[in-house]
There are 2 protein chains.
Amino acid sequence: MTDPARGTTQRNGTTSPRYGNRPTMKDVAARAGVSLKTVSRVVNSEPGVTPDTERRVQEAITALGFRRNDSARILRKGRTASVGLVLEDLADPFYGPLSRAVEEVARDHGALLINGSSAEDPAREKELVLALCARRVDGLVVIPAGDDHRYLEPEISAGVATVFVDRRAGRIDCDAVLSDSFGGARDAVAHLIAHGHRRIGFIGDQPRIHTAIERLRGYRAAMSAAGLPVNEAWMSLGATEPSRVLAATEAMLSGPEPVTALFAGNNRVTVTAVRVLAARPGRAALVGFDDFELADLLSPGVTVVAQDAAQLGRTAANMLFRRLEGAEEEPRQVVLPTRLIARGSGEIPPAHNVAS
Amino acid sequence: MTDPARGTTQRNGTTSPRYGNRPTMKDVAARAGVSLKTVSRVVNSEPGVTPDTERRVQEAITALGFRRNDSARILRKGRTASVGLVLEDLADPFYGPLSRAVEEVARDHGALLINGSSAEDPAREKELVLALCARRVDGLVVIPAGDDHRYLEPEISAGVATVFVDRRAGRIDCDAVLSDSFGGARDAVAHLIAHGHRRIGFIGDQPRIHTAIERLRGYRAAMSAAGLPVNEAWMSLGATEPSRVLAATEAMLSGPEPVTALFAGNNRVTVTAVRVLAARPGRAALVGFDDFELADLLSPGVTVVAQDAAQLGRTAANMLFRRLEGAEEEPRQVVLPTRLIARGSGEIPPAHNVAS
DNA sequence: TAGCCTCTAGACAACGTTGTCAAATTCGAC
DNA sequence: GTCGAATTTGACAACGTTGTCTAGAGGCTA
């Protein structure tokens with residue numbers, strides 16, 4: 001037995017396919033009494049096959065239940081017709097639509113989507129990205145967890161088209177599609193200031209993450225533009241798990257200089273903040289980054305800076321396929337605008353909240 | 001040029017890798033002055049290589065930026081270490097956690113996940129499933145859109161392990177992991193009846209979909225167990241897009257025999273129903289199938305029959321890998337229980353709602 | 001030093017497909 | 001009936017990897 005992939009090399013007939021395995025073009029060819037290449041031609045609808053021959057081949061294909069092995073095809077053709085998507089967590093409602101949008105564009109180009117969740121762990125991001133490269137995906141869409149992507153350089157220069165989404169690539173020059181985190185954050189905080197707030201808290205993601213820094217920058221810019229001082233205790237960057245956000249929120253609302261309004265740095269933080277505020281007496285104002293379903297039905301409705309996740313995905317995927325079709329431009333960074341949606345929670349005046 | 005996959009066959013040195021393409025083991029071997037097989041041994045950490053040889057090979061690998069081509073490996077080994085997941089829509093918050101759960105199990109088994117959205121279109125489901133089979137995924141997790149899966153028979157008997165989730169397979173005998181749609185729906189409606197409702201509406205998914213039928217059955221069972229008559233106008237199955245659900249809800253609430261409570265057949269229907277009810281004077285009771293984020297923060301909180309999407313995915317993936325590891329049991333159907341979570345919206349008594 | 005055994009390394013075929021090229025066949029026109 | 005062109009078909013190599021088998025180098029014992 002020189003045959004590694006076969007469990008049993010026994011045969012169930014004369015020239016029929018090997019037992020327990022799928023028939024190949026060779027099997028089809030034998031059954032139809034034609035050559036391998038003719039089968040290939042029929043399977044790929046290539047010209048130059050008599051209707052009669054084609055019929056015989058088709059019959060053999062049906063009879064044997066043949067299906068072309070795309071692994072072999074990929075190896076031969078050098079293109080996998082698949083793109084990889086690495087994101088943080090598919091279960092996060094922000095990434096679902098993004099992933100779906102990438103998938104749709106891929107589908108329009110006849111490609112399948114392989115995705116993986118990094119769980120916000122840089123090591124796992126790298127592991128996933130490299131596994132996808134080993135599979136020779138034609139292109140990669142990456143929502144990075146880490147901040148150093150030099151490990152991707154050999155892959156990119158070997159021809160793996162890559163587009164970063166939502167966060168910039170770290171230490172390499174690469175296509176990216178971003179939301180205007182800075183501007184959006186600035187607008188959010190300006191909105192709170194316009195409604196009379198002077199002590200505003202910011203709870204954001206881990207400082208390793210690009211958007212967290214940008215949003216903090218926007219927060220500072222808005223405060224400074226209004227001539228307001230900023231207290232270190234009003235800014236908290238870290239993991240977005242509920243327990244930490246809860247603690248940070250409580251601390252800001254009850255410190256020596258309690259904030260009267262909160263700016264939440266992403267959808268998960270916002271939801272936790274809503275819970276905390278709902279459980280507290282008094283009402284603090286709140287604006288969140290990212291829109292979320294039902295934000296309008298809460299009371300008060302939650303004011304948010306919305307970014308279009310699907311549009312991010314679509315834009316990135318389109319850039320990717322443009323590159324795959326041979327575009328040789330310099331790496332580009334596209335920044336999509338955000339939109340402030342006022343629903344009430346940002347318009348609660350400070351007087352309602354603070355005793356004195 | 002007998003070389004299809006290469007754009008240019010020019011070389012950039014003597015034995016260096018081909019221009020514009022990735023180096024192969026052959027290139028590494030040439031550079032390290034060893035044979036192909038030795039490189040393979042190093043790459044796969046096989047024993048029988050001197051430390052010195054190994055070092056030379058590693059150096060060549062690093063210098064050339066070699067990464068093993070998994071397409072070739074897959075072809076040779078006969079296993080792709082990937083599983084396919086076909087679902088309805090990755091952007092739906094119900095499927096995100098499910099997909100993530102499948103991914104985690106796959107990851108534990110060293111496999112990647114390829115997913116595709118059927119958009120609830122049976123033709124597209126079939127197309128996707130067969131594309132995945134052509135890629136020779138080791139296994140398939142399918143949330144079916146169609147109701148006839150005989151097209152999968154040759155694939156399954158050729159060895160593609162397959163598990164259906166959330167909905168039963170149509171016209172074939174296959175592993176499946178389901179939620180107790182019947183029981184959950186019965187509980188939901190019984191809850192409404194217990195709070196005094198006698199005219200209850202049901203808005204569900206398209207009747208082609210297994211869960212829609214089961215939930216309708218549960219609705220009827222609860223009504224009939226309470227000795228309540230059922231009016232055809234109180235039941236509406238169809239697409240879950242907001243416009244239809246809105247129309248159906250309005251019709252039930254304002255017909256000649258208006259309902260005083262609604263049972264919504266899935267998360268999307270529930271959310272639309274919440275919107276409709278919020279915009280109307282008077283309060284109708286509501287229970288939804290599927291839990292959703294923030295259901296507890298609405299006023300009133302939305303009572304739901306919760307199913308654990310992640311658990312569905314995890315269970316299915318585990319069944320899949322058990323099969324892949326050689327389990328030869330009969331096809332099994334696992335039914336996971338649902339849980340009624342009372343939050344208030346189901347406890348609104350009919351008197352509050354109807355004028356007379 | 002012969003004989004045997006172990007360990008390292010390489011030659012070669014195979015996985016299932018597609019591109020190239022050449023052979024065989026058909027057809028029409030002279 | 002012959003020639004040339006067009007059409008259909010097939011033989012073969014190649015994609016990049018891994019499994020098998022064998023050759024050689026080196027160590028040990030007698």
Side-chain angles (χ1 to χ4, degrees), chain A residues 1-7 9 17-18 20-30 32-57 61 64 66-81 133-136 158, chain B residues 1-7 9 17-18 20-30 32-57 61 64 66-81 133-136 158:
Chain A
M1 268 214 282
T2 72
D3 211 337
R6 315 247 176 249
T9 313
R18 295 165 193 80
N21 272 283
R22 310 209 52 147
T24 72
M25 285 192 179
K26 205 166 139 189
D27 301 312
V28 174
V34 298
S35 83
L36 192 56
K37 181 67 211 192
T38 299
V39 176
S40 170
R41 275 191 266 259
V42 171
V43 169
N44 295 293
S45 312
E46 283 172 28
V49 180
T50 336
D52 182 59
T53 312
E54 169 156 11
R55 193 186 42 71
R56 288 213 322 282
V57 173
I61 287 175
L64 296 176
F66 168 81
R67 185 166 309 284
R68 179 178 62 197
N69 183 332
D70 273 352
S71 292
R73 171 167 231 254
I74 283 166
L75 175 60
R76 184 65 235 246
K77 302 206 80 141
R79 283 261 142 161
T80 57
C133 289
R135 300 250 167 164
R136 298 292 189 271
Chain B
M1 268 212 284
T2 74
D3 212 337
R6 314 246 177 251
T9 314
R18 295 166 196 80
N21 272 283
R22 310 210 51 148
T24 72
M25 286 193 179
K26 204 165 140 191
D27 301 312
V28 174
V34 299
S35 83
L36 191 57
K37 180 68 211 191
T38 299
V39 177
S40 170
R41 274 191 267 258
V42 171
V43 169
N44 295 295
S45 312
E46 283 172 28
V49 180
T50 352
D52 181 58
T53 312
E54 170 156 10
R55 192 187 41 72
R56 287 213 321 281
V57 173
I61 287 176
L64 295 175
F66 169 80
R67 183 165 311 285
R68 180 178 63 197
N69 183 332
D70 272 352
S71 292
R73 171 168 230 252
I74 283 166
L75 175 60
R76 183 67 237 248
K77 302 205 80 138
R79 284 258 142 162
T80 57
C133 289
R135 300 248 166 166
R136 296 294 188 270

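Values in this document were obtained by computation on a predicted structure and should not be read as measured data.
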At 4.0 Å (heavy atoms only), tell me whether [X] reaches a base, stays on the sugar-phosphate, or touches nothing.
{"X": "A:Leu36", "answer": "base"}
{"X": "A:Asn44", "answer": "sugar-phosphate"}
{"X": "B:Thr53", "answer": "sugar-phosphate"}
{"X": "A:Thr38", "answer": "sugar-phosphate"}
{"X": "B:Arg41", "answer": "base"}
{"X": "B:Val49", "answer": "sugar-phosphate"}
{"X": "B:Thr50", "answer": "sugar-phosphate"}
{"X": "A:Gly48", "answer": "base"}
{"X": "B:Val43", "answer": "nothing"}

OP1 or OP2 of [N] under 4.0 Å from side-chain N/O of [X]:
{"X": "A:Ser40", "N": "C:dT18", "value": "yes"}
{"X": "B:Arg68", "N": "D:dT18", "value": "yes"}
{"X": "A:Thr24", "N": "C:dG16", "value": "no"}

Whole angstrom value for the distance that separates [atom2] of [N] from [atom1] of [X]:
{"X": "A:Ile74", "N": "C:dG19", "atom1": "CD1", "atom2": "P", "result": "14 Å"}
{"X": "A:Met25", "N": "D:dA13", "atom1": "CE", "atom2": "P", "result": "19 Å"}
{"X": "A:Leu75", "N": "D:dA13", "atom1": "CG", "atom2": "P", "result": "17 Å"}
{"X": "B:Lys77", "N": "D:dT20", "atom1": "NZ", "atom2": "P", "result": "10 Å"}
{"X": "A:Arg67", "N": "C:dT17", "atom1": "CZ", "atom2": "C1'", "result": "16 Å"}
{"X": "B:Arg22", "N": "D:dT17", "atom1": "CZ", "atom2": "P", "result": "10 Å"}
{"X": "B:Asp52", "N": "C:dC7", "atom1": "CG", "atom2": "P", "result": "19 Å"}
{"X": "B:Lys37", "N": "D:dG24", "atom1": "NZ", "atom2": "P", "result": "20 Å"}

If I take atom CG from residue A:Leu75 and atom CD1 from residue B:Ile74, how far apart are they, to the nearest 0.5 angstrom? 10.0 Å
So OG of B:Ser40 and CZ of B:Arg76: to nearest 0.5 Å the spacing works out to 10.0 Å
Given the structure, check if the side chain of A:Arg76 and the base of C:dT18 hold any donor-acceptor pair shorter than 3.5 Å. yes
Is a donor-acceptor pair below 3.5 Å formed from side chain A:Lys26 to base C:dG16, judging by atom type as modelled? no
Exercise: identify the closest heavy-atom pair between A:Thr80 and A:Arg135: CG2-O, 3.4 Å
Whichever of A:Arg73 and B:Glu54 has its nearest DNA chain C nucleotide further upstream toward 5': B:Glu54
Do the side chains of B:Arg136 and A:Arg67 get nearer than 4.5 Å, heavy atoms only? yes
B:Thr50 side chain to B:Asp52 backbone, donor-acceptor under 3.5 Å: no
A:Val39 and its side chain to side chain contact (heavy atoms under 4.5 Å, CB included) partner, picked from A:Val49, A:Val28, A:Asn44: A:Val28
Given D:dT17, C:dT20, C:dG16, which nucleotide is nearest the side-chain atoms of B:Phe66? D:dT17
